[in-house]
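Working notes, structure below.
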Amino acid sequence: MSKVQALDRPALNALLCAMPKAELHIHIEGSLEPELIFALAHRNGVTLAYDSVEALRAAYAFSDLQSFLDIYYAGASVLLQEADFHDMAWAYFLRAQADNVVHAELFFDPQTHTERGVDMATVIHGLKRACDRARAELGISASLILCFLRHLSEDAAFETLEAALPYRELFIGVGLDSSERGHPPEKFARVFARCRELGLHVVAHAGEEGPPEYIWNALDVLKVERIDHGVRCVEDPALVQRLAADRVPLTVCPLSNVKLCVYGQMSQHAMPALLAAGLCATVNSDDPAYFGGYMNANFIALFDALPQLGAAEAYTLARNSFEASFAPAADQARWVAALDRCFSG
Ligand code: ADE
Ligand code: ZN
């Protein structure tokens, strides 16, 4: 693989942009750009608390996860019709294609919408139509992961699961997101057990702001297949060993971590330590409209701040993204072959 040698910065950035990659941690509601929020508000007659796109964007200065979530849920209030969900996801797929994302697994938060009187069918059908269109028109493979809001009760999660089951074939798994601290994984033990019985894939946010114990419990109680974020695992060497031994993927989101003050600056990011420990870490955008960029912006910001990351790490991260995906093995093999071609040119 000739490009896994030292490259100068422009060549490395070009490679980061050009390489095929999978995105496994994107909250589709977090891809709503301010311009689209205003357009949908206009279309649906929704009044926003901000006068302009600029005023809204200026409010995107976060001190922690909760300060972001407050504004993120307010932004999602413009989503009412099936077409709104389609248009939001379609806009994301166009950005993803520009970043050479060939596969995306999209999180969505149904409770954010059903609590406002929007039907589960409206949400899922709108998103699914965009996924089908992405495959047909952009060649991007895409699937949906339904997330339970962890600040709500487990009973509410069960009700959400029940409401989604008529559309069981339209999503591949469930996740756990929203306010992490004070809402440990074990709060959702029973509903995750039920989801596993149903044959759904299971993932959970853990170790973003929460302690390593939350990652242990996501693994041992919820029995998740991937950890979303997970960066605080580095505080617990036994946990790092466990994640490495079981090759549990971490869907890491560099720009998010800096925007939400998990790290003071990107140069402090744990990614080099995660890769050095042999973990199956991946790069993702989380909520790109709020955190300053999509996939390639995340790769470039990470690699720019951490000069010890080079072409070998770029290859590993892209390869990990395919291995960690829930896509069929044949698709994964095809994408890895395309990645190999990109690095041998
Ligand atoms: N929902 C949207 N983005 C999130 C994040 N970074 N952490 C937890 N919940 C979220
Ligand atoms: Zn997330």
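The residues of the chain are indexed from 1 along the displayed sequence. Whatever order the structure lists them in is the order used to number ligands and atoms, beginning at 1. The model shown is predicted, which means the values in this text are computed figures rather than measured ones.
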Y315 and F343 aromatic ring geometry - parallel, tilted or perpendicular at 30°/60° bounds: perpendicular
Contacting atoms of ligand 1, where contact means under 4.0 angstrom from a heavy atom of [X]:
X    : result
D287 : 2 (C), 3 (N), 4 (C), 6 (N)
L69  : 1 (N), 10 (C)
F68  : 2 (C), 3 (N)
H229 : 6 (N)

Look at ligand 1 and say whether [X] reaches it with a heavy atom at a distance under 4.0 Å.
X    : value
D228 : no
F107 : no
S178 : yes

Is it the case that more than 12 heavy atoms not belonging to [X] sit under 6.0 Å from its [atom1] atom?
X    : atom1 : answer
D51  : CG    : no
R319 : CZ    : no
Q268 : CD    : yes
E35  : CD    : yes

Contact (N/O only, under 3.5 Å) between S256 and ligand 1: no
Is the distance from the ring center of [X] to that of [Y] below 6.0 Å?
X    : Y    : value
F68  : Y60  : no
F192 : F188 : no
H25  : F107 : yes

Linked, directly or transitively: I124 and L32 (ILVMFWY side chains, under 4.5 Å): yes
Which segment of E208 sits under 4.0 Å of ligand 1 when only heavy atoms are counted: side chain
Atom 6 (N) of ligand 1 - nearest protein heavy atom and its distance: D286 OD2, 2.7 Å
Nearest-contact summary for atom 4 (C) of ligand 1 - protein heavy atom, Å: H27 NE2, 3.5 Å
By side-chain hydrogen bond (donor to acceptor under 3.5 Å, both in side chains) - contacts of K128 (at least two apart): D132
Side chains of S179 and Q66, donor plus acceptor under 3.5 Å: yes
Shell of protein N/O/S atoms around the Zn ion (ligand 2), taken as anything under 2.8 Å: H25 NE2, H27 NE2, H205 NE2, D286 OD1
